[in-house]
Enquirer: 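Pasting in a structure now, in structure tokens, and then I'll have a few things to ask.
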Amino acid sequence: MTEFAALLQPDKGEAARAVHIVDAAGHDAWLKAQPPRARAAAAAQGFAAKPGERAILPGDEADAWSVAVGVAKAAALTPWCLADAAAGLPEGRYRLADAAPGAAALGWLLAQHRFTRYRAADAAEGARVLLTTDAAHIAETVRIAESVALVRDMVNTAPEDMGPAAIEAAVRALAEAAGGQVSVVSGADLASAYPMIHAVGRAAGKGREPRLLSLEWGNPAHPRIAIVGKGVCFDSGGLDIKSAAGMRLMKKDMGGAAHALALARLVATGHLPVRLHLLIPAVENAVAGNAFRPGDVLRSRKGPSVEVSNTDAEGRLILGDALARAFEEQPALTIDFATLTGAARVALGPDLPALFANDDALAADLLAAGTAVGDPVWRMPLWDGYDEMLKSDIADIDNAPEGGMAGAVTAALFLRKFVPEGAAWAHFDTFAWRPAARPGRPKGGEALGLRAAWAMLRARYGGDA
């Protein structure tokens, strides 16, 4: 992983090139304050301080220069307003001319991260190091960058290399680094105790068997929080098989697990005073002679029977069993992440995770946190009137109502069947993918909703700065 800590350093007054942050409103005043040669250079480069624009400004010495960067609002830097500069400037040390980078430090770091597992080695890029007077927040910014990069890298990894065993290895690595305890349920024990997880994953090949991964961390005397992530390592659709186009990105169907693991990492490395319970049902939804079938009726861990109308609605099945297990410990708060429905993308597009919550205060806190850290989410309704869509003629619940209307809502309502009355629960239906590159955010795997959830937890429980 990128050594983010080396890219953000405390400012001790060492030599560094100045970065002038300029917005359109302040452009004229800034330009007047510059020496003639800098004004001429800015004009020659057409610098008007539009967001993303950059101009190199000459200094008094031959090798002395600084850079002007255009942003939307100089007084309110966003996480991504320096990302393009961080990716395009020469190697060296930089400092902002008139302020600490604040939120923009995150984009400076992530703009220099590359997923290179399968590529021939490119020529090494020199580091662009940002100096900051806000040394107290360096460690937190680095932790967040590492966790975002973890999501990106896991989602970008080819499905052959990111099966259930690979996710188990990642959970064990976190436990070893943070001092947590891992337990794994698989085989006959999984079939008897978590029948829906087992049914979805039983057709996978040798070495890719389904399992429920559990990590516990923290002081048992602290408030218990549960984080659950959908770990469908590849989703063929099962016997209701997807088209080739629909299957192309299904390596990202474990994006919920990547988010859950990254959030657990933030909790542990940030020393949040909680008792963490991470749960990841890890499966591959494969096609084989023993695959579960449309029309099957599965018994869930919680008890209700589920008629399988569509084997491609498998994520809610494995999450149902995992959520049932999480709530057996009576957590104060439970959050799940899942790449659950295409309907959420139709409704909100790729940038906005759909948030469902059964607690208005929790939903409000998550919305506010997402806005504050530049990781917006959008609340969707748990509309009671659609519960009847989940009715089955032969079982307690249908996993995939006909018609496709309100698909993200009915999927969330299905999950709610496994949430006890009065328990605080939030569900993120996230895309975990960026279809087009933006500064600091390359095309591919992406963390969407992760920073919002972490900011909410930090606000509620504290932890390291």
Enquirer: Could you check whether R325 pairs with E328 (Lys NZ or Arg NE/NH1/NH2 to Asp/Glu carboxylate O, under 4.0 Å)?
Expert: yes
Enquirer: Take R316 and D429 through the test salt bridge (Lys or Arg N to Asp or Glu O under 4.0 Å) and record every step on the way to the result.
Expert: CA-CA 11 Å; R316 66 200 69 181; D429 190 337; over 6 Å; no
Enquirer: Start with the C-alpha gap between R441 and R152, add the side-chain angles, then the distance that decides, and say whether side-chain contact (heavy atoms from CB on, under 4.5 Å) holds.
Expert: CA-CA 10 Å; R441 294 155 288 178; R152 293 179 179 181; 3.6 Å; yes
Enquirer: Would you mind checking if R416 and D384 are paired as a salt bridge, meaning a charged N to carboxylate O distance below 4.0 Å?
Expert: yes
Enquirer: Suppose the criterion is salt bridge (Lys or Arg N to Asp or Glu O under 4.0 Å): which pairs have a residue in residues 217-231, not counting sequence neighbours?
Expert: E216-R224, K230-D253, K230-E314
Enquirer: Does the pair L348 and M380 meet the rule for a side-chain contact (heavy atoms from CB on, under 4.5 Å), with working shown?
Expert: CA-CA 10 Å; L348 300 177; M380 298 279 278; 4.2 Å; yes
Enquirer: Got a donor-acceptor contact below 3.5 angstrom from the E53 side chain to the K50 backbone?
Expert: yes
Enquirer: Given R128, which partner from the list R93, Q112, R17 fulfils the side chain to side chain contact (heavy atoms under 4.5 Å, CB included) test?
Expert: Q112
Enquirer: Minimum heavy-atom separation for V148 to L110, with atom names?
Expert: CG1-CD1, 3.8 Å
Enquirer: Heavy-atom count check: over 12 atoms from other residues, nucleotides or ligands less than 6.0 Å from Q330 CD?
Expert: no
Enquirer: Between D387 and K417, does at least one N-O distance fall below 4.0 Å, as a salt bridge requires?
Expert: yes
Enquirer: Could you check whether W30 and D23, counting side-chain N and O atoms only, form a donor-acceptor pair closer than 3.5 Å?
Expert: no
Enquirer: Using the rule given for ring pair (Phe, Tyr, Trp, His ring centres under 6.0 Å), can you reason through Y94 versus W108, listing the C-alpha separation, both sets of side-chain angles and the distance that settles it, and then say yes or no?
Expert: CA-CA 11 Å; Y94 297 85; W108 184 279; 5.8 Å; yes
Enquirer: Could you tell me if H427 and N358 have a donor-acceptor pair between their side chains, going purely by distance under 3.5 Å?
Expert: no
Enquirer: Can you tell me how far CH2 of W65 sits from CG of L57, rounded to the nearest 0.5 angstrom?
Expert: 10.0 Å
Enquirer: Hey, is E168 close enough to R172 for a salt bridge, meaning N to O under 4.0 Å?
Expert: yes
Enquirer: Does the pair E146/R265 count as a salt bridge with the N-to-O cut at 4.0 Å?
Expert: yes
Enquirer: Is there a side-chain contact (heavy atoms from CB on, under 4.5 Å) between V129 and L8? Walk through the geometry before answering.
Expert: CA-CA 6 Å; V129 178; L8 186 63; over 6 Å; no
Enquirer: Checking R301 against Y194: charged group under 6.0 Å from the ring centre and within 45 degrees of the axis?
Expert: yes
Enquirer: From the options T133, L131, T132, select the one residue that forms a side chain to side chain contact (heavy atoms under 4.5 Å, CB included) with R95.
Expert: L131
Enquirer: Is the shortest distance from a Lys or Arg side-chain nitrogen in D321 or K302 to a carboxylate oxygen in the other one below 4.0 Å?
Expert: no
Enquirer: Quick test of your reading of the model: are D161 and R117 salt-bridged, counting only N-O distances below 4.0 Å?
Expert: yes
Enquirer: Where do L415 and G320 come nearest, in terms of heavy atoms and distance?
Expert: CD2-N, 4.3 Å
Enquirer: What verdict does the side-chain contact (heavy atoms from CB on, under 4.5 Å) test give for F418 and L319, after you've listed the backbone C-alpha separation in whole Å, the side-chain angles of each residue and the deciding distance to 0.1 Å?
Expert: CA-CA 9 Å; F418 302 90; L319 283 173; over 6 Å; no
Enquirer: More than 12 non-hydrogen atoms from neighbouring residues, nucleotides or ligands closer than 6.0 Å to CZ on F115, yes or no?
Expert: yes
Enquirer: For E176, I'd like to know if atom CD has over 12 heavy atoms of other residues, nucleotides or ligands within 6.0 Å.
Expert: no
Enquirer: When you check the gap from the basic side-chain N to the acidic O, do D351 and R434 get nearer than 4.0 Å?
Expert: yes
Enquirer: For the atom pair CG (L130) and CG (L7), what is the distance rounded to the nearest 0.5 Å?
Expert: 9.5 Å
Enquirer: Applying side-chain hydrogen bond (donor to acceptor under 3.5 Å, both in side chains), name anything that partners D359, two or more places apart in sequence or on another chain.
Expert: none
Enquirer: How far apart are the C-alpha atoms of H222 and Y461, what are their side-chain angles, what is the distance that settles it, and do they pass the ring pair (Phe, Tyr, Trp, His ring centres under 6.0 Å) test?
Expert: CA-CA 10 Å; H222 288 159; Y461 298 104; 9.6 Å; no
